[in-house]
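The block underneath contains the structure these notes are about, expressed in structure tokens.
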Amino acid sequence: MSSKGAWKVAVVPGDGIGPEVLRSALAVLDAAGAKFEQVLVEIGFGRWKRLGLAMADEDLETIKQCDCVLLGAITTPPDPDYRSILLRLRKELDLYANIRPFRSKAIDLIIVRENTEGLYSGLEEVGAEEARTLRVVTRRGSERIAEKACEIAAKKKRLTIVHKSNVLQSDRLFLKTCQAVAMRRGIQSEEMLVDSAAYNLVVNPQRFDVIVTTNLFGDILSDEAAGVVGSLGLCASANVGMNSALFEPIHGSAPDIAGKGIANPLGAIRSAAMMMEWMGETEKATRIEAAVQWALDNDIKTPDLGGGCSTEDVTDAVADYLERP
Ligand code: ATP
């Protein structure tokens with residue numbers, strides 16, 4: 001918090017639909033009566049195209065001066081010269097836990113994804129004939145993500161540890177470490193191979209409460225869970241560390257629909273609710289979630305959910321609901 005006692009939030013619109021959905025999230029936070037200082041940070045692929053630099057060291061410093069980050073979406077192009085900003089931010093701020101709730105009639109699940117290791121270690125050797133990526137799993141990394149998952153599972157019931165330890169030695173360390181933490185904390189846990197988890201998420205999603213898994217598996221299973229919920233545009237995430245956090249919808253910058261005014265803003269709005277929760281503003285977080293649910297129940301939906309509303313229609317409806325006496 002700043003010296004004045006207000007939360008200081010780095011606001012990063014980013015690319016594609018990022019600025020559109022972030023505008024919605026800020027409007028809804030305002031309607032909910034949230035008070036915080038905003039620091040606009042313009043980083044991303046657009047800036048890289050304009051200036052050859054996606055994020056300067058000064059931007060990173062500005063972000064580090066803030067308590068947390070609220071982000072729209074950033075494009076990561078398949079260009080070897082482009083370094084992913086999101087990966088850099090997660091590493092620099094040590095945002096080790098990626099928490100992704102999925103809620104619908106079919107599913108009520110939280111995926112807790114390790115965010116700094118695994119196949120996203122950044123340790124790569126690339127040759128003309130062969131390319132290698134080092135998959136890193138540490139006891140410390142596994143322990144702290146397991147602790148976070150157990151904290152969440154204590155409120156939600158069962159913890160499922162998802163891995164591929166029959167093939168990957170590195171996942172044996174992950175599995176054993178998570179099991180030890182769950183046992184020490186008295187959390188009921190089960191283990192499941194990632195391929196089996198992928199199948200069960202589609203055919204029997206109700207069997208899961210909390211999943212803890214490594215970086216790449218968590219990335220893929222999250223998009224699958226979003227499909228089960230109905231749209232990527234509905235889902236939110238919090239990337240949390242010991243001293244900072246970054247909140248963003250789980251979708252990317254969706255260049256195919258950018259500028260059309262039809263992006264679903266609910267994932268970004270729910271990310272804002274997660275930020276409120278992180279700030280200890282539980283009542284505001286609950287009210288925002290209720291307003292989102294009300295919009296869905298009343299078919300106030302963008303085209304990705306089969307509706308005919310614009311981003312603005314959905315945003316206004318959620319904000320109006322919050323402003324009702
Ligand atoms: P990026 O390169 O930034 O990852 P992408 O298009 O590859 O972008 P996503 O942005 O996650 O990946 O989009 C995947 C698909 O889901 C696209 O067809 C996109 O239009 C759709 N989509 C993603 N987010 C939303 C949203 N908020 N509202 C509606 N559709 C969305």
Side-chain angles (χ1 to χ4, degrees), residues 12-28 42-49 54-55 69-90 98 100-104 111 113 115 119-120 215-216 218-239 246-274 288-289 291-293 295-296 299-318:
V12 179
D15 306 303
I17 61 169
E20 301 170 38
V21 296
L22 190 69
R23 213 175 302 130
S24 300
L26 290 171
V28 167
E42 298 203 66
I43 52 177
F45 181 52
R47 169 145 163 208
W48 187 75
K49 283 194 288 189
M55 176 169 69
V69 184
L70 185 63
L71 189 141
I74 288 184
T75 305
T76 304
D79 184 324
D81 292 333
Y82 184 90
R83 215 173 139 205
S84 164
I85 292 188
L86 284 171
L87 284 190
R88 188 159 169 220
L89 282 177
R90 286 171 187 164
N98 192 324
R100 298 179 158 188
F102 299 94
R103 229 168 280 130
S104 73
I111 295 182
R113 161 186 168 194
N115 221 11
L119 262 176
Y120 295 3
N215 210 337
L216 179 65
D219 194 1
I220 297 169
L221 291 180
S222 302
D223 273 27
E224 189 189 353
V228 176
V229 165
S231 169
L232 268 177
L234 277 175
C235 307
S237 78
N239 297 263
L246 181 152
F247 304 89
E248 57 172 341
I250 76 162
H251 60 75
S253 59
D256 53 337
I257 55 164
K260 295 186 178 161
I262 53 165
N264 188 338
L266 296 179
I269 291 171
R270 283 178 153 161
S271 304
M274 291 184 87
I288 294 173
E289 265 301 329
V292 166
Q293 196 52 54
L296 290 171
D299 273 334
I300 302 168
K301 294 176 178 168
T302 41
D304 55 309
L305 293 172
C309 296
S310 66
T311 309
E312 206 180 333
D313 295 334
V314 175
T315 308
D316 289 349
V318 173

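Counting starts at 1 for both ligands and their atoms, following the listed order.
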I need the atoms of ligand 1 closer than 4.0 Å to a non-hydrogen atom of [X], numbered in the order shown.
| X | result |
| --- | --- |
| Gly233 | 26 (C), 27 (N) |
| Ala263 | 28 (N) |
| Pro255 | 6 (O), 8 (O) |

Exercise. Is ligand 1 under 4.0 Å from a heavy atom in the side chain of Ile17, in the backbone, in both, or in neither?
Worked result: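 It is the side chain that touches ligand 1; the backbone stays farther off.
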
Please state which protein non-hydrogen atom is closest to [atom] and give its distance, to 0.1 Å?
| atom | result |
| --- | --- |
| atom 15 (C) of ligand 1 | Leu232 CD1, 4.3 Å |
| atom 28 (N) of ligand 1 | Asn264 N, 2.9 Å |
| atom 30 (N) of ligand 1 | Ile257 CD1, 3.5 Å |
| atom 17 (C) of ligand 1 | Asp256 OD2, 3.5 Å |
| atom 22 (N) of ligand 1 | Ala254 CB, 4.1 Å |
| atom 23 (C) of ligand 1 | His251 CB, 3.7 Å |

Could you tell me which non-hydrogen atom of [X] sits nearest to which non-hydrogen atom of [Y], and how far apart they are?
| X | Y | result |
| --- | --- | --- |
| Ile17 | Ala254 | CD1-CB, 3.7 Å |
| Asp304 | Thr302 | OD1-OG1, 2.6 Å |
| Arg113 | Arg90 | NH2-NH1, 3.7 Å |
| Phe247 | Ser271 | CB-O, 3.7 Å |
| Arg47 | Glu42 | NH1-O, 3.0 Å |

For this session: Would you indicate which of Gly18, Gly252, Ser231, Pro77 comes nearest to atom 12 (O) of ligand 1 when only heavy atoms are counted?
Result: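 Going through Gly18, Gly252, Ser231, Pro77 one by one, Gly252 has the nearest heavy atom to atom 12 (O) of ligand 1.
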
Exercise. Can you check side-chain contact (heavy atoms from CB on, under 4.5 Å) on Asn215 and Leu119, steps first, answer last?
Worked result: CA-CA 7 Å; Asn215 210 337; Leu119 262 176; over 6 Å; no

Is it true that a side-chain atom of [X] and a backbone atom of [Y] form a donor plus acceptor pair closer than 3.5 Å?
| X | Y | result |
| --- | --- | --- |
| Glu248 | Ser237 | no |
| Ser253 | Ile74 | no |
| Asp219 | Leu216 | no |
| Asp15 | Thr75 | yes |

Whether [X] lies under 4.0 Å from ligand 1, heavy atom:
| X | result |
| --- | --- |
| Val21 | no |
| Gly16 | no |
| Ala73 | no |

Exercise. Within the structure, does Ser253 bring an N/O atom to less than 3.5 angstrom of an N/O atom in ligand 1?
Worked result: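 Indeed, backbone or side chain, Ser253 has an N or O that close.
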
